[in-house]
Amino acid sequence: MATLPILQHEEKIIQTVDHNPVTVIIGETGSGKSTQLSQILHRRGYSTSGKIAVTQPRRVAAVSVARRVAHELGVQLGEEVGYAIRFEDRTSHNTRIKYLTDGVLLRESLANPELSEYSVIILDEAHERSLNTDILMGLMKRLVKVRNSDLKVLITSATLDGNKVSKFFTDCPVLTIPGKMYPVEILYSKERPSSYIESSLKTALDIHVRDPEGDILIFMTGQDDIEKLVSKLEDKVRALEEGSCMDAIILPLHGSLPPELQVRVFSPPPPNCRRIIVATNIAETSLTVDGVVYVIDSGYVKQRQYNPSAGMYSLDVVQISKVQANQRAGRAGRTRPGKCYRLYPSRVYNDEFLDATVPEIQRSSLAGSVLYLKSLDLPDIDILKFDFLDPPSSESLEDALKQLYLIDAIDENGAITSIGRKMAELPLEPSLSRTLMEANNYGCISEALTVAAMLSAETALLSAPGRSNTEKKRKHQISNLPDGSGLGDHIQLLQIYECWDQNDYDIGWCKDNGLQVRGMLFVRDVRKQLSQIMQKIAKGPLDIRANGKGEEFRRGYRNLRKALCVGYANQLAERKMHHNGYRTLGFQAQVVQVHPSSVLKADDLGKFPDYVVYHELIATPRPYMRNVCSVEMRWVVPVINKLKTLDVYKLSGGVEHVEKETERNLPDLPKKDVEVAAAGDRESRIQAARERFLARKGKK
DNA sequence: GAGATTCGA
């Protein structure tokens with residue numbers, strides 16, 4: 001352990017932390033920052049007045065790093081060194097060093113905004129810029145002032161732009177600690193290939209027949225491309241003349257692969273055999289594959305992004321950033337010097353790639369985060385001026401405010417309501433937490449809990465791919481579902497879970513019905529957690545047992561659907577007159593279709609229900625509503641009335657913000673236009689600002 | 001009549 005580079009910098013680190021409330025530490029992979037930093041501070045007495053918290057963006061990382069540190073200190077895990085992740089808290093009153101996911105720390109800060117049990121908070125892997133890390137960075141900036149130098153904050157990262165973060169934390173010091181990496185030779189293509197599958201195929205084969213041993217890791221964008229490339233590689237490798245070169249095994253690697261197939265990449269290849277691993281970006285950060293010497297980088301990644309003006313998500317193939325490209329290349333230099341083949345010219349890398357990946361906070365719906373921040377009740381913070389390292393667009397913040405207003409989480413002035421306060425306690429999207437609140441009044445809390453839990457895990461439910469179990473098939477496979485699923489997907493998800501409940505949570509039942517066991521067990525955990533929180537909020541026992549063909553079933557799930565209509569007030573759609581297309585009822589109407597995977601049934605005339613709520617809009621590339629539920633017009637009316645009262649200006653707290661928007665979004669407008677925009681009344685000012693903003697975006 | 005990169009409370 002004495003060889004870890006970070007230990008040679010111990011004195012320097014301690015000196016800096018002693019004299020500064022915030023320190024940024026840039027430590028390349030292999031520097032030992034995740035395991036050593038906490039131990040150094042512990043050794044030097046920083047854990048006597050409080051605990052040392054170390055956040056991780058991923059649960060597995062929190063657990064495995066905690067385990068290693070406990071081992072290095074020779075203590076039992078859960079004693080001096082422990083961890084906390086969702087559903088699992090392995091800490092005790094003895095714990096001095098606590099590893100946790102950043103989501104858990106955010107939850108803790110809801111109960112105790114000053115996080116007073118900690119004397120040190122280390123935000124690790126900050127360069128990944130997860131939504132939660134970004135919010136924590138904003139909170140830390142405030143907390144070091146409030147806690148008046150009895151808190152030390154360290155931001156650590158592999159490749160984060162240290163100067164930017166340092167500037168954010170009022171010019172705090174930046175320490176750089178070298179890593180232990182082998183050199184990686186970068187080879188660029190002369191031009192972008194017309195097909196990166198073909199190009200990867202050719203490059204991989206060239207390496208295989210020509211270069212010495214060492215595994216090949218190929219980065220592709222998704223499951224489809226991976227499967228295509230894997231089968232082509234298998235054909236080509238099989239066709240190679242026997243004995244002309246070593247053997248090769250081809251392994252796909254992506255998130256929807258069942259765990260037992262995923263772990264194959266951790267077993268070393270047999271002698272005289274090369275592994276060719278074809279992976280998504282899961283191999284960029286989440287999984288580390290040993291033995292990789294050659295990396296082939298397509299230069300693309302799939303990214304989910306949210307469009308706040310349409311309220312719609314899309315999954316797009318986009319160019320990676322320089323940070324990602326370097327991360328990928330680094331995967332070749334972990335055990336010895338390696339090579340990285342970039343399937344794009346250096347010009348593309350230099351001129352087209354962004355320096356860093358667009359942070360998640362600028363790509364997601366912010367309703368949940370805004371509600372969370374509002375519920376913290378920080379006296380000195382106005383949410384629209386919350387100090388983010390990279391602020392989200394004001395459009396996105398306004399979208400969040402509108403959503404929250406429509407579901408009664410904030411009032412017309414943007415202040416959090418008592419309902420909103422309770423909603424923030426629940427680890428759910430606001431639409432679902434609002435549904436739970438309402439269901440509690442209507443006596444269908446048990447059903448609503450199940451729906452919320454099922455939707456939290458929906459993608460995890462599908463059976464493993466490759467066994468031709470498509471979603472549609474799944475829906476038809478479930479045997480003996482009571483009638484009623486024609487009302488929509490929410491109801492069917494409910495019935496699936498209740499069926500499982502009646503089968504005593506039997507694992508075999510899941511397998512027989514094409515459901516992922518892991519996913520269903522997760523649903524059960526989530527449901528239990530939500531039940532506990534709801535009981536706390538309701539200040540009394542609730543009937544939360546799953547109850548199959550109970551009252552709700554007999555009444556056509558009317559109460560549940562009514563509750564959903566309130567929770568999804570922002571996600572309503574009305575069927576168009578003469579066909580089965582829908583128009584969303586929001587601030588901006590969209591024409592959308594029911595997703596083909598839906599179980600929603602048409603009536604005898606072939607018509608869908610007049611009104612539905614949807615869980616999500618997804619552009620793929622046509623706009624679809626995914627997971628819909630039939631509702632009744634008279635439940636919709638109050639929502640439409642509320643929509644009319646919506647005043648973004650008031651919600652976002654006044655003129656100042658509108659000016660800020662003008663300033664931030666329209667820096668290159670001719671001065672005259674800004675003056676015109678500023679001269680009108682406030683509505684037309686907002687409108688003018690928005691139009692110009694959109695026009696400018698369109699041009700880009 | 002489509003198609004799930006990846007994390008997380």
*Tell me what A:S130 touches on the nucleic acid: a base, only sugar-phosphate, or nothing, going by heavy atoms under 4.0 Å.*
nothing
*To the nearest angstrom, how far is A:L455 atom CG from B:dG8 atom C1'?*
17 Å
*Do A:D399 and A:Q403 have a side chain donor and acceptor closer than 3.5 Å?*
yes
_Is any side-chain heavy atom of A:L343 closer than 4.5 Å to one of A:R192?_
no
_Below the 4.0 Å mark, does B:dC7 have OP1 or OP2 next to a side-chain nitrogen or oxygen of A:T101?_
no
_Quick check for you: among B:dA9, B:dA2, B:dT6, whose closest atom lies nearest to any side-chain atom of A:I282?_
B:dT6
_Does A:R58 reach a base, just sugar-phosphate, or nothing at all? Heavy atoms under 4.0 Å._
sugar-phosphate
*Measure the distance from CG on A:L123 to C1' on B:dC7 and round it to the nearest whole Å.*
17 Å
*Name the nucleic acid region contacted by A:L106, choosing base, sugar-phosphate or nothing; use a 4.0 angstrom heavy-atom cut-off, strictly under.*
nothing
*A:T285 side chain near B:dT6 phosphate (N/O to OP1/OP2, under 4.0 Å)*: no
*Which of parallel (below 30°), tilted (30 to 60°) and perpendicular (above 60°) describes A:Y344 and A:F353?*
tilted
*How long is the line joining CG of A:D489 and P of B:dA4, in whole Å?*
17 Å
*Looking for any heavy atom pair under 4.0 Å, which part of the strands does A:V104 touch: base, sugar-phosphate only, or nothing?*
sugar-phosphate
*Take A:D408 and A:T417, measure what side-chain hydrogen bond (donor to acceptor under 3.5 Å, both in side chains) needs, and give me the verdict at the end.*
CA-CA 7 Å; A:D408 319 306; A:T417 61; over 6 Å; no
*asked:* Between C1' on B:dT6 and CD on A:Q303, what's the gap in Å once rounded to a whole number?
replied: 10 Å
_Please tell me if A:Q223 has a side-chain N or O lying less than 4.0 Å from either OP1 or OP2 of B:dT5._
yes
*Write down the distance between CG (A:D134) and P (B:dG8), rounded to a whole number of angstrom.*
17 Å
*Does A:R59 place a side-chain N or O at less than 4.0 Å from the phosphate oxygens OP1/OP2 of B:dA9?*
yes
*Report the distance from atom CD of A:E125 to atom C1' of B:dC7, rounded to the nearest whole Å.*
13 Å
*Look at all strands and tell whether A:N281 reaches a base, only sugar-phosphate, or nothing, counting heavy atoms closer than 4.0 Å.*
base
*Please figure out whether A:Y624 or A:E360 has its closest DNA chain B nucleotide nearer the 5' end.*
A:Y624
*State, without any angle test, whether A:D489 and A:Y614 hold a side-chain donor-acceptor pair at a distance under 3.5 Å.*
no
*So, A:D316 and A:S314: side-chain donor and acceptor under 3.5 Å apart, yes or no?*
yes
*Between B:dT5, B:dA2, B:dC7, which nucleotide gets closest to the side-chain atoms of A:T280?*
B:dT5
*With the side chain of A:S286 defined as its heavy atoms from C-beta on, choose the nearest nucleotide among B:dA9, B:dA2, B:dT6.*
B:dT6
*Which part of the nucleic acid, if any, lies within reach of A:L131 when heavy atoms closer than 4.0 Å are counted: base, sugar-phosphate only, or nothing?*
nothing
*In whole angstroms, how far is the P atom of B:dA9 from the CD1 atom of A:I85?*
7 Å
*Whole-Å distance separating the CZ atom of A:R363 from the P atom of B:dT5*: 15 Å
